[in-house]
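In what follows, a structure is listed as structure tokens, so that the remarks can point back to it.
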Amino acid sequence: MRLFQSVPERFRRTSGSEKSVVPPTGFTAQLTLFSAAAMAFLAVFALALSQASGRLADRWSAELARSATVRINAPKDQIDAQTEAVMKVLKTTVGIAEARVIGKDEQQALLAPWFGPDLPLDALPLPQLIEVIEDETGYDSDGLRQRLAAETPGAVLDDHTRWRKPLVKAADRLRSLGLISIILITLTMGAMIALAANAALAANAQVIRVLRLIGARDAFIVRAFVRRFTLRAVGGALVGTALGMVSVAFLPAASTAGGFLTGLGFRGWNWFLPLTIPLLAGLVAFWATRWAAFRRLRELT
Amino acid sequence: MIELENVSYNYGGGELLSNVSLNLAPGSFHFLTGPSGAGKTTFLKLCYMELRATAGHVQAFGADVRSMGRDDIARARRRIGVVHQDCQFLDHLPISENIALPLAVSGQSTSAEADNLDDLMQWVGLKRRAHALPAELSGGERQRAALARAVIMSPDVILADEPTGNVDWEMSKRLLSLLVELNRMGKAILIATHDLNLIRTAKSQVNARVLRIKDRHLQLAGADL
């Protein structure tokens, strides 16, 4: 029983004494705080970027994969007949869940972002578009192409793969760039904290010498420094993360016209992700300081 | 408890100590004399393991120093109280915390030892200066504080490097009588000094042996004092 009671008591006591053995240092403390805050701020953006590009890649591959477009280029008087013929073909094709003629209004809406709202559609030789949604099994696109070519010479099937693949690839690449940035930020923060800890250890060489002479084990001395740098890194990272999250929250939302893109930011539970940054900063600071301190102490008696 | 056997120490520019042997047994009282630069401080550093012998063997509490790890050395140092020539305090902590520091670093409760600390501060005449920083103390006060810190862990061996270098004769006698008292409790004492008065006074109270470092060797000084 005594043993269990003494553990928290012991922790409180030793941590209290470790706290005071290293003299307070204003300047390096502030530099560490600032570095941790700046890195956390950047990490929030890298995280937001990889989240957004991840969403983009998922969305593009999911939405575009299941849809295709049939485009009918024909003289004005033949277009209705050809559209009807194509619809007939589509309805009898296995694997197509839905085929829908895209009306004039819808076409106007699609083109509005590029040509403005007052486009005189009738004056333009626009092709007729038919949206095709495949079902679970999918259809044979080569077979469909051949049938369309036989029945309606002006109809072309576009299953989007041609431009969907590079887009999804780009989005995926963007997501990995975001992740690489987070890794680099983490390593840089570790390096900066190790440097700061090294400077602090050098500045406190006399303190360390005295502590060793009166019988302090390395672990005691290391704890004093680790505790300090971990708290600073966590504190700085909290501030940086908070500022980063606020900045992301107040980014202008992407307009519906570019609804095809996605807003840079977090959605739903993803808002909890940046909260792991201060935790990560603490872990990085803990190990970086520990490593630097033990390395340094080995050089002393 | 601390045993040196044919120990030599070489700074790199020639040997400072050659073939030195000494056994600090429980209850022994030694003085170490010799001209400045003869190697008194180096000898003490070999005893508290800050320096490693370049030849020969040093044993601390039955273990060969060469085979001891850093934590073993830290633990052994808790059983050795050292009064350094230049005191070696943590300058940002008040003197009472400096004196209690060995308790803190060895994980002992400083609050449980509060009465002890109080008595000790009283004894070395620093009770009213407890909250002063080391830099605010006089040379003599710092020396007394260093002695208090050296004995707070009730060590088995006490090593002192010129402990009376900065204090007046009255205080020297008080420091000596504390050391004599600790010696009667069975602790081994080794004092490096060239204060002959101190040695004479000590000899009237305890059976002290006087060692002299001369020409790199340790000799037993005899009746010439």
Side-chain angles (χ1 to χ4, degrees), chain A residues 2-29 199-228 290-301, chain B residues 44-52 60 65 68-94 96-113 133-135 146 148-153 155 157 159 161:
Chain A
R2 230 186 101 86
L3 181 75
F4 291 108
Q5 280 171 345
S6 71
V7 169
E9 151 77 4
R10 189 187 160 91
F11 180 77
R12 199 170 61 233
R13 195 177 60 232
T14 51
S15 61
S17 56
E18 284 148 13
K19 198 164 54 187
S20 59
V21 293
V22 184
T25 43
F27 185 59
T28 47
L201 288 159
N204 289 301
Q206 173 63 13
V207 169
I208 294 170
R209 229 178 82 82
V210 171
L211 290 174
R212 280 296 297 174
L213 284 177
I214 60 173
R217 289 167 60 219
D218 287 352
F220 177 89
I221 301 169
V222 168
R223 272 202 297 275
F225 285 93
V226 163
R227 180 194 158 83
R228 183 166 291 206
R290 218 178 126 80
W291 173 78
F294 271 115
R295 234 173 77 106
R296 184 106 199 169
L297 282 170
R298 273 200 296 274
E299 296 162 11
L300 301 167
T301 49
Chain B
L44 291 183
K45 280 183 176 173
L46 287 167
C47 292
Y48 63 80
M49 297 161 278
E50 185 170 1
L51 294 176
R52 293 206 172 192
V65 171
M68 285 165 79
R70 296 178 58 80
D71 284 354
D72 298 328
I73 288 180
R75 279 189 210 97
R77 279 179 180 162
R78 293 175 192 170
R79 300 174 66 182
I80 305 173
V82 184
V83 183
H84 298 272
Q85 207 168 2
D86 47 1
C87 297
Q88 309 262 21
F89 294 117
L90 296 188
D91 295 330
H92 64 288
L93 292 182
S96 59
E97 282 186 43
N98 262 293
I99 291 173
L101 208 54
L103 296 171
V105 303
S106 60
Q108 294 185 34
S109 166
T110 42
S111 48
E113 301 277 335
L133 293 175
R149 188 183 66 183
V151 301
I152 194 159
M153 292 282 282
V157 180
L159 308 172
D161 197 354

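In this text the structure is predicted, and so the values were computed from the model without any measurement. Order of the sequence lines fixes the chain letters, A, B, ..., with proteins taken first and strands second; residue numbering starts at 1 for each chain.
Nearest heavy-atom pair across A/A216 and B/A74 is O-CB, 3.6 Å. The two residues B/P102 and A/I214 make their nearest non-hydrogen contact at N-CD1, 3.9 Å.
Residues passing the side chain to side chain contact (heavy atoms under 4.5 Å, CB included) test with B/R79 are B/F61, B/D156, sequence neighbours excluded. Considering only residues two or more places apart in sequence or on other chains, B/Q88 meets the side chain to side chain contact (heavy atoms under 4.5 Å, CB included) condition with A/Q206, A/R209, A/V210, A/L213, B/H84, B/D86, B/R149.
Rounded to the nearest 0.5 angstrom, B/R77 CZ and A/R217 CZ are separated by 14.0 Å. Of the inter-residue distances, the one linking A/R298 atom CZ with B/R70 atom CZ reads 8.5 Å to the nearest 0.5 angstrom.
Within the 4.5 Å cutoff, side-chain heavy atoms of A/L211 are placed close to those of B/L101. Two residues are said to be in side-chain contact when any heavy atoms from C-beta on lie closer than 4.5 Å; A/R212 and B/E50 fail this criterion.
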